[in-house]
Structures are given as structure tokens and as C-alpha cells.
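The structure under discussion is supplied below as C-alpha cells; questions concerning it will follow.
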Amino acid sequence: MTATNPSSQNSYDDRPNEDDPMEDFQLFDKVQLTKLLIHSLKELGYEDSAIKLQDESGGIQVESSIVQNLFRWVRTGKYQNIDFSVLAQLPLENGRLADDLNLSELLNIQSNFNGLEESKVSNNSMKIENVIMNPIDPAKTIERLNLNLEVFQGITKFIEGEKVNSNNVDQIKRILEISILICREVFLELIFENKDFSTALLLLRGTVRKYIELWEPLLSKMDFQDEEDTFVPENILREMSTLITCPNEIVGSETWPNSLTKSRENLVQSISSYINPNDLVPKGRLLTLLKQAIKYQRSKDVFNLSEGSTSNTIEINNSNDAKLGAKYSLLQDNSTNFQHINFESQTTLTQHSDEVWYLQFSPNGKYLASVSADASTDRKIFIYDVEKDFQVYKILSGNSQCVLYLSFSPDSKYLVSCPFNAIVNIYDIHMEGEPIEVNPDTENSITAEVINPLDSFFVLPAKEFKRLRSDPASSLDVGDDETTDPLSQPDRTSHTSAGIGTSSPTDSRSGSGSPSHHSINPVRVWCCDWFHTEAHKGKFAVGSPDREVAIYDLNVFTVVCCFSLNTIIPASVSHQISSLNTNISNGASPPSFTNGGRDSSFSSAEVFPRVHDLKISYDDKSLILMTHQGKIDIYDISKLPSELEGHHDYMSDYLKNIYPLVNRLNVEKNMTCISLPKMGSAYDSYLDSLLLVNLQSNEMQLWNYKENLLLQKYYGQKQEQFIIRSCFGYDNKLVASGSEDGKVYIWDRVRGNIVGVLKAHVNDKVPPASSNKKYGKNCNIVTWNPANENMFASGGDDGYVKIWKLVKE
């Protein structure tokens, strides 16, 4: 046969054949690909096929010989064979310690294994004598561990006196950690298999402690430390000490899985994390690659809703999918069709005669509250019975001005309204009321019960609040005409308070002319949120654009705290906040106050902010304030007094506690609302850190407010002039918002892509003949039913409340 001269070949023939998919294999290392296949066949249980592929490939090993020997000795309990020379030759991620010849000569590291074992292992690794679970030989094992300890001690002495490459120090640190893990396993087997507590105690005191004492000094010799390093020898030492006294508490746990085989396999996996992947294919590597491929395929399908994701990433929910028997295709791309979810209009509520400004479902999902800007009546709030086809359940009276905000209590019994005129009303929605006919001259005429507030209160400026707390006998006169009227309204209940602890309409607040009487103006209240835990049951916080947050306690019918009196406001929210928090959490005394309740070490120029929206975290530990200045401030309120703690002077405890500012999100844009995820079956600790923010720049943002991270932005809705409110929905997988074009926009929370645009309030509503009013086209608010993932509602300038249904196809 005549040989072909390569130089005479047509250059065209040398180019890859684009029609041949096998050409793509040139993108990957053939040896690595073969290792992956052999390893995967073994994991699937096809041992003979793996051996045949290994032979056919010319003897490619999944693990290097030294790694195979080490793992075989671990699995068979022959720890006495693992001398320092074995550890020094391990192919770590940053190289082999034994490859440094100078260090090898200094330590006189031998290249053989003292004749203990044959180093070459090929197809005999599965022989019965190489896999049988043997008990350890305590004497020989401890002797070997102590001999290795002497070598480590010599190395550390050498490092202290010489300049050693940081990479070598890291290698020594890693094989020292492997040695500590081996010591731990030997200790566990002495306790649970050999029942030899005396030898285990000897190992702990005479060997393990000395290993751990060598580990800490190595960190100071390294140029940098791996932030992801989770190895903590002190925890291992504490765990082993506990086992000596309480071994039964550990059985069946991750520490001891109640199986010698599993325990040794856990040690193999722990050691594997130190080995270079080129010398040891990681466990489940093929499965990891397949998951990543499916995740990528799903991420490219913008119409696929991330059913299993709770964190702000696209994941495959292995546990749930496995339980449901879900299978992912390996022979074709995993994608969904265009119409994965759809949204349908279920019903339209037409009882309001003016713009709908706020909506909220009760936490149990049984009621929907809506409020309109109707100036002709004080009966602006409707409560609908969701389970009875949204029939009007109650009508709430007593709001002479427009209501900006509504908030249901966690038990779905009480509702708070925040009108323009500083009067905050609290309703028990299940109280009996007077039946009346609503809209009697229209086709929307209905009969419903009207109820009055259970209590009404206004919030005093902080200085007045503090003065009246210290001098309850003093009196005041409300200077604003809008706020003097409630005390004389005939349809109010007897509970009308000024936030000073009394509720009698005949008390000194009526301006009876006492010597200390003077006039004040209460602050406006524009937002509200309830506390959620049993420790603070019946409490809620209200926020004011007049630079105040007050806490009201329904148990005593009074305002118990003006928040601006008890806060620390740093001039620059940076490292000062972190150090301040650390000091307070470590038990340090709060700093002394000057300048109206602020620490003198901080700038007196920064005053308590104007609050336009607020939320309380579900664990009642954080107060989140949306301020007028384009910032979101997070305060630590974990020290808020609780009735459950048995305080002797309940009110004074509020004045004594300090609530520090712990974080600040610098949004730097005009904001209109903030929202927290819904409580429900899909709620977890990650969701507890999420905060949704609406901006007057045609934009919404998703933040991790605990870590000060901007996670996602949502675009598409129109928002430039008015207050538009948004929410989480569908088990917090979706984000929904109104818009100034009258539409409802819905996004996938994780990806940020729009999954629905609904024409909700875009049609012109014909006003009554007797009215000159022209209805706008804003969709002002969207709210999701927390008890029904498929139901949400929208309210708009047309006066309609529309109920929507999510449909999966």
C-alpha cells in the first residue's frame, strides 16, 4: 500500500465535516470522556461493561493507583497502611506534595509503601479480599496515626523557620485535614463497632488533639484563605468529646449512619473532595452534567414557569420530581409548549362608584376587602365573601376621607384602614351591623350590613407622645379640624384614642381647659402592617410621611410606641451598622442618647425618614420602611417587648429598648410600594429575605433585603405619575403589578420574563348622567389570594374589582 503524503492532501479534506456530529467530540478530552463513561457505568451497576471499556481504552483508570489504594484501605479498615508517603503522593487539586523534591528529601519521604501493599490495582479491585468490611486493628492503626503525626510536627517546625511556598503550605494543610478525617473515622469505629471507649478516649486525647493543634498555625502561613472552606477542626473535636459521654444520641445521624459500610463510604466521599478531578471522577458527575443541560434547556424557554424553584435560580426539584415519578428526556430537549399557563377573568365586582385604590385578601383567603375614593359617603370599604361568590359580606363606615391603605390581621378577624385625615380605624369584620341598601337607584343595588369602627386613634408627634407618657394628667387639643371631629361623631364606638393609653371620649383630650392644655396636630398615617407571631398578637405598626412609625396594641387599645424615639440612625450606613449590630448582639450596652433620642456619635442632620410604606417580616424581627428619600431602611425589632415575657412595667419597656438600623437599600428612585412574599406551603427561609419594590420609572425590582442584593428587575408596565401596587403570587413563583395603561402585568419571578398581560381596566366606563366625572384607565393594584394560588384580584380607576383565575394548560 502506498503511503499518502499529508502535504499533498487537499486542504478542504482537512476541514471538519459540519454534517458529522462526531466532529464535536474534538471539543472534549478523549481520556476525560472515557473516564466519565467508565465511572458512570460503574455507578449504574454495569461493572463488567466498565471493565471491558477500561481494557479496550488501553487501561484508562478512573482513579489513579494511589487514590485506588487509599480508598481500598479505607473501605477494608486497613488504616495502618496509610502512611505519610501515601498522603504526600495524593493528587490534590493544587498538586502533589511529594512532587516538591526539596521538601521530599528533607522529610526523607519514601516512594514505596514499606511492602504493605502492591500499589498497582487494576481489575482486581473488586476481589472479595479487597472489599470485605474488616474490623480495625486498634494498636497498629493508632501507631500509624502517631507516626504520621510526628512527620506533621516536623513539617510545621520546618515551616516556622523557613520561607515555604504558600502552595506547599496549602498542600500540607489539606493532607492534615484528610488525616484528621481519618482519625475521626477510627474514633467512630472504636466507639460504635469495637465498643472500646478507653482506646477511643486515648486516641482523642493523645493523637487527635495534637493533630488539630497543628492545623490553626498553617492558616497564618497562607497568602489567602478559601472563603468556601467549611472544614472546622474545633467542631470535630467538640463532636468527638460529646460522643464519649452521649454516644446513643448520635446513632442514625450523619455522624454515625448506623452502618460501618456507610460510614467508611462517607469518609471516601469526604476525601474525594480534596482530589483533583483529573485523577478521580467526582461522584454523580454525569448526572450533574445532565441536570445542568436540562436546566439550560428550561432557561431558554421563556414561557416555562419554574414550578420547583423557591430560590431566585432555575432548579430541578429532585426530591419532589422523584416522588411524583417525573422523568426528563435524554433523547430530546426538555421544553414546554407556548401556552404553559393562562389567565381568565372570573367575575367583576361593580359595587364601587369611584376609583378602587386598595385591595387585600384576608390571610385565610375567605374575604376580600376593597376601598374606593368615593367622596360622597364614608362607607368606602367593602368586604366580600370569597366562598359565597363574592357577595358583599360587610360595609365599613367611618372614613370621611379617601383611604390609602388596608391591612388584615393574621387571624383574618380585624381590618385596619388608613385614610388621609390621620384617623386610623380598626374594624372587627364579624361584628353585627345595620342592614342598609347600597346603590338603591342602580342595577347594582344590594342589601348589606354596615359596621362602625371597633376603635379609632390618631398618632401624636413623638415629643407629645413622650410628654403625655411622662405626664398622663396633662391635656391636649387636636389642632387639625379633620381630626377633632371623631370624638363627637355619633356613630363611633366609645373606643377613640389619641395614642396615649386611654380611650374614654370624656378624658382630658377633649380640650376641657385644664392648665396644661395645648393644641397639637397629629401625624398622618399612610400605611400599616400587623405583627405575625403569638408573642406580638394584636399589634400592628403604622407609618407616617410626617417622619414617624407607631405601634398600636389592640389588647390595650392604645399606641404603645413612637418608633422614632427608640431608633439609632447612623449618618452613613456602612461598616458602622455592622459594628453596631455586633456590639449590641454581643451584649454591649446601647450608646447614650442626645439630640432627641439619637446617639451623639452619629450625625444629627439625619432625621427619622418620611415613611410611605412599611412591612414587618414574618418572624417579627425586622421592620422594613420605604422612605421618601429613595431608600429602604431595615430595623432590628427583635427586642420589642412581648406580653409573654411578663413585664412589670409594660409601657416603660418600649421607651427603654433601642432598635438599631441594620441595613439600608439605596434604591435612589421614587418608590410607590413594597411587598413581601406570601405565607404558604411553598414558603421557606430564602423567601423570607425577598422584597419587591415598585418604582416610578416603569420598573420593578426584587431585592434580598438581608444581604443588600438586587436580584432581578421587571419591565413592561407603565408607572410614571400614580401609586401602583404589586404583589407575589402563585406560591411566590410569579410577580404581578398594575399599570397606568390599565393592564395587569405578570412576570416569572426567577427569570423576569413576562408570562401574561391582561386587559383589566382599559375600557372607558360611562359615568352616571348626574356626574361629570371622567374615569381614568389606571390599574392601581393587584393582590393574590394567599390561600388559593390560582386566584388574584385587580382594582382600577373604572371602579371595578376584577377577579382572575390562573389556568394551567
Side-chain angles (χ1 to χ4, degrees), residues 357-358 360 369 371 373 378-381 383 396-410 413-429 431 451-462 464-465 468 476 478-489 491-505 507 509 520-531 536 538-564 610-616 623 625-626 654:
W357 280 10
Y358 206 91
Q360 189 179 54
V371 62
D378 69 344
R379 299 163 180 171
K380 300 177 175 63
I381 304 173
I383 307 295
L396 312 185
S397 68
N399 295 282
S400 59
Q401 290 198 12
C402 297
V403 176
L404 291 175
Y405 217 91
L406 298 173
S407 183
F408 269 106
S409 61
K413 180 180 180 181
Y414 300 103
L415 183 75
V416 176
S417 70
C418 302
F420 262 129
N421 63 347
I423 294 293
V424 181
N425 292 321
I426 308 168
Y427 300 88
D428 179 348
I429 67 170
M431 287 177 56
I451 59 176
N452 298 323
L454 173 70
D455 189 27
S456 300
F457 69 93
F458 50 82
V459 177
L460 299 177
E464 295 299 328
F465 175 83
L468 290 172
L476 58 91
V478 180
D480 185 354
D481 291 339
E482 292 289 349
T483 57
T484 58
D485 184 53
L487 295 178
S488 60
Q489 286 188 17
D491 61 346
R492 297 289 180 124
T493 66
S494 61
H495 292 296
T496 305
S497 61
I500 59 174
T502 57
S503 57
S504 170
D507 66 14
R509 288 173 293 106
I520 58 97
N521 289 321
V523 302
R524 297 166 293 172
V525 174
W526 284 7
C527 52
C528 169
D529 197 21
W530 289 77
F531 287 82
H536 300 291
K539 298 177 189 173
F540 58 86
V542 293
S544 170
D546 298 322
R547 305 184 185 279
E548 189 56 84
V549 169
I551 297 176
Y552 181 92
D553 191 340
L554 193 57
N555 300 297
V556 292
F557 289 99
T558 190
V559 173
V560 293
C561 176
C562 278
F563 201 74
S564 63
R610 300 184 185 276
V611 179
H612 285 196
D613 201 355
L614 67 81
K615 288 291 182 288
I616 298 172
L623 176 66
L625 305 183
M626 185 191 84
Y654 280 96

Is there side-chain contact between Y552 and V459, with at least one heavy-atom pair below 4.5 Å?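 With C-beta onward as the side chain, the pair stays apart.
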Any chance you could measure N425, atom CG, to S456, atom OG, to the nearest 0.5 Å?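 N425 atom CG to S456 atom OG measures 4.0 Å (nearest 0.5 Å).
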How long is the span from the CD atom in Q401 to the SG atom in C418, to the nearest 0.5 Å?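 With rounding to 0.5 Å, CD (Q401) is 13.5 Å from SG (C418).
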What heavy-atom pair brings P545 and R610 nearest, and what distance separates the two atoms?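 Shortest heavy-atom separation between P545 and R610 comes out as O-NH1, 3.0 Å.
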Distance-minimising heavy-atom pair for L614 and C528: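 Result for this residue pair: CD1-C, 4.1 Å.
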Any side-chain heavy-atom pair from L554 and W530 closer than 4.5 angstrom?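 When only atoms from C-beta onward are counted, W530 and L554 do touch, with a gap below 4.5 Å.
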Could I get the full list of salt bridge (charged side-chain N to carboxylate O under 4.0 Å, His left out) partners for D529, not counting sequence neighbours?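 Once residues adjacent in sequence are excluded, D529 has no partner under the salt bridge (charged side-chain N to carboxylate O under 4.0 Å, His left out) criterion.
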With distance as the sole criterion, is a donor-acceptor pair present between the side chains of N452 and S397 under 3.5 Å?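 A pair is found: one side chain offers a donor N or O, the other an acceptor, under 3.5 Å apart.
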Any side-chain heavy-atom pair from W357 and V403 closer than 4.5 angstrom?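 They are not in side-chain contact.
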To the nearest 0.5 Å, how far apart are NE2 in H536 and CG in N555?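 Going from the NE2 atom of H536 to the CG atom of N555 covers 11.5 Å.
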Using side-chain heavy atoms (C-beta onward) and a distance below 4.5 Å, is S407 in contact with F540?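 When only atoms from C-beta onward are counted, F540 and S407 do not touch, as no gap falls below 4.5 Å.
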Smallest separation among heavy atoms of I426 and F457, with atom names: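 The answer is CD1-CE2, 3.9 Å.
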Where is the tightest heavy-atom contact between N399 and L396, given as atom of each residue plus distance?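 Taking N399 first and L396 second, the nearest heavy atoms are ND2-O, 4.4 Å.
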Could you tell me which non-hydrogen atom of I451 sits nearest to which non-hydrogen atom of Y427, and how far apart they are?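 Smallest interatomic distance, heavy atoms only, reads O-CE2, 4.0 Å.
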For the residue pair E548 and F563, establish whether any side-chain heavy-atom pair is separated by less than 4.5 Å.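 Yes, side chains in contact.
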Contact between C527 and V611 at the side-chain level, heavy atoms closer than 4.5 Å - yes or no?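 Yes, at least one pair of side-chain atoms sits under 4.5 Å.
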To the nearest 0.5 angstrom, please state how far the OH atom of Y358 sits from the OH atom of Y405.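 Taking OH in Y358 and OH in Y405, the distance rounds to 4.0 Å.
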If you round to the nearest 0.5 Å, how far is NE2 of H612 from CG of L625?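 It comes to 11.5 Å.
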If you look at every heavy atom in F465 and L460, which pair is closest and at what distance?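 Answer, listing the atom of F465 first, then L460: N-CB, 4.1 Å.
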